[in-house]
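Computed over heavy atoms, backbone and side chain alike; hydrogens, waters and symmetry mates excluded.
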There are 2 protein chains.
Amino acid sequence: MSCAGSRARVVAAGVDAPRQPTRGPDPSTVRLVTAGEETGTFRGIRVGRIAAPLREQVIDGLRTAILEFELQPGQRLVERELVEQTGVSRATIREALRELAAEGLVVTVPQKGAMVYKPSADEARDLYAVRASLEALTVRRFIERARAAHHDRLRATVTALEEDVADGADMHRLLRDKDLFYTELLAGAASPTIEQILGGVQARVRLLRATSMSQPGRAAQMAAEMRALVEAITARDVASAQRLCIEHLDNAAATALAALDGVGRQGS
Amino acid sequence: MSCAGSRARVVAAGVDAPRQPTRGPDPSTVRLVTAGEETGTFRGIRVGRIAAPLREQVIDGLRTAILEFELQPGQRLVERELVEQTGVSRATIREALRELAAEGLVVTVPQKGAMVYKPSADEARDLYAVRASLEALTVRRFIERARAAHHDRLRATVTALEEDVADGADMHRLLRDKDLFYTELLAGAASPTIEQILGGVQARVRLLRATSMSQPGRAAQMAAEMRALVEAITARDVASAQRLCIEHLDNAAATALAALDGVGRQGS
DNA sequence: TTTTCCAGATTGTCAGACAGACTCACGATC
DNA sequence: GATCGTGAGTCTGTCTGACAATCTGGAAAA
């Protein structure tokens, strides 16, 4: 992900690359410009605001690791191990864990520590319900606010998804396609507030999506649903779009929950 | 070693009541049973789990101070000052701030520090929209899951609210009444997931409610809306209840936004 | 008056310590 | 042989002290 030479590796869970001295004020850490954030322009020269604090890098790294299943749901996150893997101090790790905990991606048991969030069947049901509500809202906002370019990009993500499904791409790839779709949807909805809240929910649901999408036949059905949804959005038909959105998530929930019941718990 | 005399005051923002020893392992801290949490029962003897970590106490204190407007929206939260007011170390304060930041009650500007969240008009609009979606969902869950006792308690909160409105109680009191209503609603809905997510949104909206509810005439209207809502819930009429819920929040949003535009920014 | 520069205040991060809570295996007891 | 303590080791919760980098406000210089 970001980062420089040897520092603050992306906490790749398990992999341990050796580490240099590492000091707070180490210049090699500071120079890189973190994507978004406050970036100004002066006379055509991009002035990147300092990379996010180290803490942010750690948070991003952990979040990615969790969402990519490098860290399995239920897995314990021992502070000392994270310190070794990331090279940052325990204080920083703890701050990062607190933030991820508030975000819902990790749960903290007092006197026991943090572990990757592992939704129960009941929680999963509610997460899907919450997500359906919020996505319906997002779709409405998209139709209200998005400009032509947004519509085009949104349609493009669905096309890409369909192609990957046709090619029989693996689940990993399809998940990424869907992520792109939602990224565009949120961009067009132009609401940082919704983005933040829905983002947290989607992240947690993502921990379930792996199981749901690997069900045979589900991928094709999913692509069809997305296509219908995006058509309704293009037609600026709020009611239909919201209905399709909710139906899509109902289906996804049903599949995921069925898989959850069937599989039980192997894994970690 | 560790601390002594005057420590860990409950961060009452400004007010400083003296405090007892209080240490992590100090028995006087440990003995109190934190409301919910893991509490087991053995042969009729309630075994309370340890009080929340110090950090949790700080978070609760800060959260309360913010929601009670002891800390004004936009006000800076300087770490050193919090350390002095609470008596806990900077590390603990920082962890608490990270958690509140992820929760949305404080915003953190890199290299600048934390300040109490102060929603812009746009953000306020979206917050109300998100809240409407989620509360409609909550109402549905309540009707699905709540038992008779829940219904009774919910009705009771509305009755109390009506009485306070009739008595011309102050806004502070009315806010508390509404909080009780929502507490009951969430209890009946029996969904920790929804509670967590909606809780964060409500907290942020609460920072606006003070202005909206102090508008003349709004209190009575609000009480009437709540009454209608609770009647629909009692009748288990999901569609009507959801509609009333959304209408109620649309009104609240309109009032709050009007007040927000009119007032501008005085305060801190 | 405007620009420059310095000192103080504040955040970001680190290192090291230590008490208390938890886990678990080992040996003593019934 | 099964139960109960006990003790070592591990890990979290907190504290202390320190220092670099950044920001801010105001004094000094142009």
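Expressed to the nearest 0.5 Å, how far OG1 of B/Thr157 lies from OH of B/Tyr182 amounts to 10.0 Å. Remark: A/Glu79 CD to A/Arg90 CZ distance equals 4.5 Å, nearest 0.5 Å. From B/Glu123, atom CD reaches atom OG1 of A/Thr193 across 4.5 Å, with rounding to the nearest 0.5 Å.
Side-chain atoms of B/Arg90 and base atoms of D/dG17 include no donor and acceptor less than 3.5 Å apart.
Proximity of A/Thr92 to the phosphate of C/dG12: no side-chain N or O atom is located under 4.0 Å from OP1 or OP2.
Taking the charged nitrogens against the carboxylate oxygens, A/Asp179 and A/Arg176 have no contact shorter than 4.0 Å, which rules out a salt bridge. Between A/Arg63 and A/Asp60 there is a salt bridge, with a side-chain nitrogen of the basic residue lying less than 4.0 Å from a carboxylate oxygen of the acidic one. Salt-bridge formation is detected for the pair A/Asp126/B/Arg145: a Lys NZ or Arg NE/NH1/NH2 atom is positioned less than 4.0 Å from an Asp or Glu carboxylate oxygen.
Remark: of the listed residues B/Thr92, B/Val88, B/Leu77, B/Leu77 is the sole one forming a side-chain contact (heavy atoms from CB on, under 4.5 Å) with B/Leu82.
Considering only heavy atoms from C-beta on, A/Arg98 stays 4.5 Å or farther from B/Arg94 through its side chain. The shortest side-chain heavy-atom distance between B/Val116 and B/Gln72 does not fall under the 4.5 Å cut-off.
Remark: B/Arg206 is not positioned above the aromatic ring of B/Tyr128, lacking an NZ or CZ atom under 6.0 angstrom from the ring centre and at most 45 degrees off the axis.
Using five terminal pairs a side, the axes of the helix from C/dT1-D/dA30 to C/dC30-D/dG1 at its two ends make an angle of 10°, given in steps of 10 degrees.
Contacts of A/Leu77 with the nucleic acid, taken as non-hydrogen atoms under 4.0 Å apart, involve only primed sugar atoms and P, OP1 or OP2.
Scanning all heavy atoms of the two residues, the minimum distance from B/Ile59 to B/Ala96 falls at CG1-CB, 3.6 Å.
Separating the CZ atom of B/Arg55 from the C1' atom of D/dT12 is a distance of 9 Å, rounded to the nearest angstrom. Between the CE atom of A/Met115 and the P atom of D/dC11 there is a distance of 13 Å, given to the nearest Å. In this structure, B/Leu54 places its CG atom 13 Å from C1' of C/dA19, rounding to the nearest Å. For A/Arg94 and D/dC11, the CZ to P distance is 14 Å, given to the nearest whole Å. C/dT11 atom P lies 12 Å from atom CD of A/Glu95, rounded to whole Å. The distance from atom CD1 of A/Ile93 to atom C1' of C/dG12 is 14 Å, rounded to the nearest whole Å. Between the CD atom of B/Gln57 and the P atom of D/dC15 there is a distance of 11 Å, given to the nearest Å.
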Check nucleotides 5-8 of chain D against the protein and report each pair of N or O atoms closer than 3.5 Å, with its distance, or say if there are none.
none

Atom pairs under 3.5 Å, N or O on each side, protein against nucleotides 8-10 of chain C: can you list them with distances?
{"residue": "C/dT10", "atom": "OP2", "partner": "B/Arg80", "partner atom": "NE", "Å": "3.4"}
{"residue": "C/dT10", "atom": "OP2", "partner": "B/Arg80", "partner atom": "NH2", "Å": "2.8"}

